[in-house]
Amino acid sequence: MIHCFISGQQEEGERIKVPESTRERAQMPTATDALWQRRLSEQPTRQLRPLTAPLLHTLRNLPLGFRLWRQAREERGGRDPVLDASGGQASSSGLPAGGMGGGCVGRSWRGDFEPGLILPNGRGQAPVVPANQFSVFIEPDGEDSEATVLNPGIPPTDRLGAWDWSFVGEESYYSALFPRAWTVYDEPEPRLRLTSRQISPVIGNNYKESSLPACVFVWTLENLDQEDEITASLMFTWQNGTGAASDALGGHANTPFTRPHPERVVMDHTQWRVDERGGKTHASSEPLSFAIAASSPDSDAHITVRSCWATNSDGAEVWKDFKRSGALEENWDALGKASQEGQTLGAAIAVRVTIPPGEHRQVEFALAWDHPVVEFGAGRRYTRRYTRFYSQHGDSAAQLACDALVQYPQWERLIEQWQAPILDDKRLPGCGGTVWLQDELSAKEEKPRREKRETDGQEEEQSDVGRWACLESQEHRLYNASDALFYASFALIANWPQLQLALQREVAAATLREDSRMVDVLATGRQAPNKVRGAVPYDMGTPADDPWVALNAYNIHETSSWKGKLGLLPASHLSPSTELTEAADLNSKFVLGVYRDFVATQDKRFLADVWPAVDAALRHLQQFDRNKDGMIENEGLPDQTYHSWTGGLWVAALSAACAMAQALQLADDSVAQHYRDLHQSAARVYNESLWNPSGYFNYDTSTSTHHDSIQADQLCGQWYARACGLPSIAPDKRIVTALKTVFANNFNEGKRGAVNGMRPDGRVDYACLHSSEAWPGTTFALAACMMGEGLVDQAFITAAGVCGSIYEDLGYWFRTPEAWDGSGNYRALGHMRPLAIWAMQWAWTQRNHRLSSASTPTSS
């Protein structure tokens, strides 16, 4: 997952002060107020619960609820459910380790590792592996030596009992600024300050290093004693596996390697698949290996390894050596031998240094994993993006670890250059499951081949940046969900624009496809065609099936005949088909996204390539204009993200189509004229029929009791229009007035963000489950819209409330959910929509450019 590096600011006076010398040596940013911090002794935030629907909504939707439960139960028999409300849990998560799209290793701010996130199964919660730790040895000064695991968590009860788990963490703290994190330890020895710097190669506008499955931990050891030297050792231990039960099925082996230093270990892992129904196991064809490595610029550093030891024991075979001298003894008899069933293997590497009085030493550890082949549920196999630069055979972990130790200084320079424009802008307040694939593997030839894509009868070679897929959330295991990408894609277009163009090409090709397979529609219990030509797919599939081939894994509603997403609406909202609505969701969002990407890149070839899909998407929507007035009507069903709240998207999308036709200089001007006429009609109807004299745009034009609700995201069409430099969808005065109305009415939950729907009398709109929620992602989008219209103070106040909830009050750091209620209980952890915070940066940059242009004198 991509993370923003703007984090939540603590209250004034609570900031943890970092000593200047430590900050400089650990290369912490000067803008320390941008760091998210926690003391290691703090207990994890209270466990919040998944959102549950109120009783009234539950009763109204019992048939849908039963079908969802039945589908999840059936899927659990053979694969992970696509939609599973129990899929995620809030925890003390910290910054994940590793680049993008190669699988990541989760790591908590207390020091726990979660290697299970390497596998592309879409699960956001992985087991913590107790053996994966950093430990410190301090040579005695006339007393017994001291060795401690640097983790204040609860020690495992059935293993590693010989290790010292007494570390408290009261004088230690964690700081994070994606993609780096720092942990400062002023214990267990007061004379010795340890600082660990976690560095992952996530770099803006970089398409090589950003894909690497590796991470470096740079440790600085400072001797605070001005008279005596201190000898200390750091040990990094790692289990061969992902923490699953299959780690103990045997067949794994650890070996040391030399490249160019001898003190490094590679762990070859045989993946075992367990058939839960038949109780059988078999080896997977997807290779997986790990490597840990160490180095130090200090020529006197002493590096030792223990390549093989049993992690499901008391751990004494490793700990007794480390505690005695801070060094390890190799087990030569076990090298390269496969583990037996019931045994889990680990490796350890230790670096011992002596620090003179008042000086410091540096120790570097690398962690790398090599999982080059991804096989999805239907059996289709792909190589990951990083295999363009490394082998596809699963033997690159050692080289990845070595390269990481050599290249991490360059990573940091590039990261700092990428972040500097934001961190150095003093006007900004201090605040705060992907796969990246390269080639498809032929099942017969086992050779990589360049994927071809059919676009309206023409073949085009896949972009050189590979194929990008991002899960909607931990509980919604859907790749590249179009609705959420409308918000999240600002992160891609701002930082990795070529990935965004490649993704849009995939969506364009899918829009022109047709899939007549009949699928179950859970909302109605009936069947419908899976995909029709011209309908933008809701998603590009699920890891449990065949992504990019089997589209629309989301099947709650019939996505090809609606204009967006969502359900759970009461019967009173099922309106006549002639009712005017603010509809046109997925197709309009795709059109606007395409134009924004063209504005950002000025890539006319891209625009020409996807124009057939843009035209098809708009003409598909136009069929829902039953009365031929230019505005789309609701189909009498919940058929877009907010049912009937987003007609401004249609107006903005038509404006974008006019601009694209002009940019392409289409030979047939009748096409451009068609969209100009349609846009003029739609804008007139939109403004005449939906404007409420109280100062906002109504929910719809029905006679329902909720037709005049105030929706927080009612101007998402205007947000994109402004971001793309298009004309406003309504008079500017109305736009500003509507935003002020939302600001005054939809924030009744304090700093939780904007409630999606409010009644004019100040009550929350409980028409459906989603209308009563606050969505962090749409709140960030609302803030970006405010900023684009000059309401800068309101924009930062709006966003600050969400950041405070994420990083302080609710403990959702690095796992921001799709939604929460007034109590903070969540729905869909790790959702992509909150990446809309990058839309705020987009709007901020546009604003500064306009101000700069206005202040520059024009030449005579």
After noting the C-alpha distance and the side-chain angles of D545 and F376, does the key distance pass the side-chain contact (heavy atoms from CB on, under 4.5 Å) rule? CA-CA 6 Å; D545 199 343; F376 293 110; over 6 Å; no
Should N132 and Q239 be marked as a side chain to side chain donor-acceptor pair (under 3.5 Å) after you check the CA-CA gap, both sets of side-chain angles, and the distance that decides it? CA-CA 6 Å; N132 297 348; Q239 181 170 301; over 6 Å; no
Is there a side chain to side chain donor-acceptor pair (under 3.5 Å) between D403 and Y390? Walk through the geometry before answering. CA-CA 11 Å; D403 290 349; Y390 291 85; 2.6 Å; yes
Trace of the side chain to side chain donor-acceptor pair (under 3.5 Å) decision for N240 with H252: CA-CA 7 Å; N240 188 338; H252 314 305; 4.7 Å; no
Q362/T220 under side chain to side chain donor-acceptor pair (under 3.5 Å): CA gap, chis, key distance, verdict: CA-CA 5 Å; Q362 182 169 294; T220 303; 4.6 Å; no
Could you go through the salt bridge (charged side-chain N to carboxylate O under 4.0 Å, His left out) check for R827 and E475 one step at a time? CA-CA 8 Å; R827 182 170 56 77; E475 298 152 44; over 6 Å; no
Quick one, V351 with H302, criterion side-chain contact (heavy atoms from CB on, under 4.5 Å). Give me CA distance, side-chain angles, the key distance, then yes/no. CA-CA 6 Å; V351 184; H302 182 46; over 6 Å; no
For E114 and R815: C-alpha separation, side-chain torsions, deciding distance, then whether salt bridge (charged side-chain N to carboxylate O under 4.0 Å, His left out) applies. CA-CA 14 Å; E114 297 176 342; R815 294 191 182 188; 3.1 Å; yes
Under the side-chain contact (heavy atoms from CB on, under 4.5 Å) criterion, do W436 and Y386 qualify, and how do the steps go? CA-CA 8 Å; W436 189 354; Y386 72 88; over 6 Å; no
Test log, rule side-chain contact (heavy atoms from CB on, under 4.5 Å), inputs Q27 and I415: CA-CA 12 Å; Q27 297 187 28; I415 290 169; over 6 Å; no
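No side-chain heavy atom of V266 sits under 4.5 Å from any side-chain heavy atom of F290. Counting heavy atoms from C-beta outward, V218 and S196 have side chains that stay 4.5 Å or more apart. Residues H831 and T816 are not in side-chain contact: their nearest non-hydrogen atoms beyond the backbone lie 4.5 Å or more apart. Here the side chains of L288 and T242 are in contact, with some heavy-atom distance below 4.5 Å.
Minimum heavy-atom separation, A401 to A368: N-CB, 3.7 Å. Nearest heavy-atom pair, A828 versus S473, reported as atom, atom and distance to 0.1 Å: CB-OG, 3.6 Å. Taking every heavy atom of both residues into account, W411 and A404 meet most closely at CH2-CB, 3.6 Å. Shown here for A301 and V353, the closest heavy-atom pair between the two residues is CB-CG1, 3.8 Å. The minimum heavy-atom distance between A293 and I349, with the atom names listed, is C-CD1, 4.0 Å. Closest heavy-atom contact between A310 and Q343: CB-NE2, 4.5 Å.
For the residue pair D186/Y173, the side-chain donor-acceptor check at 3.5 Å is not satisfied. T311 and T344 are linked by a side-chain donor-acceptor pair at a separation below 3.5 angstrom, with hydrogens and angles left out of the test. A side-chain donor-acceptor contact under 3.5 Å links S166 and D164.
Formation of a donor-acceptor pair under 3.5 Å by the R306 side chain with backbone atoms of G346 is not found in this model. T148 contributes no side-chain N or O that, together with a main-chain N or O of L150, makes up a donor-acceptor pair within less than 3.5 Å. Remark: the backbone N or O of I355 is paired with a side-chain donor or acceptor of N223 at under 3.5 angstrom. Of the possible donor and acceptor atoms, one in the side chain of T237 sits under 3.5 Å from a partner among the backbone N and O of Q133. Under a 3.5 Å cut-off, the side chain of Y812 and the backbone N or O of G824 do form a donor-acceptor pair. A distance-only check finds a donor-acceptor pair linking the side chain of T304 to the backbone of L328 [under 3.5 Å]. Between the side chain of D112 and the backbone N or O of S108 there is no donor-acceptor pair closer than 3.5 Å. Although no hydrogens or angles enter the test, the distance criterion places no donor-acceptor pair under 3.5 Å between the side chain of S233 and the main chain of F137. In terms of modelled atom types and a separation under 3.5 Å, the side chain of R384 and the main chain of D370 share no donor-acceptor contact.
Atom-to-atom distance recorded for L249:CG and E341:CD is 6.0 Å, nearest 0.5 angstrom. Considering CE of M100 and SG of C470, their distance stands at 10.0 Å, rounded to 0.5 Å. From I230, atom CD1 reaches atom CD of E139 across 10.5 Å, with rounding to the nearest 0.5 Å. To the nearest 0.5 Å, atom CD1 of residue I303 and atom OG of residue S295 are 6.5 Å apart. Put simply, NZ on K337 and CG on N254 are 13.5 Å apart, with the number rounded to the nearest 0.5 Å. Within the model, atoms CG of N151 and OG of S172 stand 11.0 Å from one another, a figure rounded to the nearest 0.5 Å.
Taking a cutoff of 4.0 Å between a charged side-chain nitrogen and a carboxylate oxygen, E329 and R324 qualify as a salt bridge. Between R191 and E146 no salt bridge is recorded (no basic side-chain N to carboxylate O distance below 4.0 Å). Between R193 and E187 there is no salt bridge, since no side-chain N of the basic residue sits under 4.0 Å from a carboxylate O of the acidic one. Remark: E472 does not engage R477 in a salt bridge, criterion side-chain N to carboxylate O under 4.0 Å. A salt bridge links E222 to R25: at least one charged side-chain nitrogen sits closer than 4.0 Å to a carboxylate oxygen.
Within 6.0 Å of CD on E330 lie more than 12 heavy atoms contributed by other residues, nucleotides or ligands.
Because its NZ or CZ atom is not both nearer than 6.0 Å to the ring centre of W109 and within 45° of the ring axis, R39 does not count as a cation-pi partner of that residue.
Using cut-offs of 30° and 60° for the angle between ring planes, the F236 and F113 rings count as tilted.
Side-chain rings of W319 and F322 approach one another, their centers coming within less than 6.0 Å. Taking the six-membered ring for Trp and the full ring otherwise, F134 and F365 have centroids separated by under 6.0 Å. In this structure, W163 has its ring center under 6.0 Å from that of W309. Checked against the 6.0 Å centroid criterion, the rings of Y185 and W219 qualify as a close aromatic pair.
Just one of W36, Y174, F178 meets the ring-ring contact (aromatic ring centres under 6.0 Å, His included) condition when paired with W813; it is W36.
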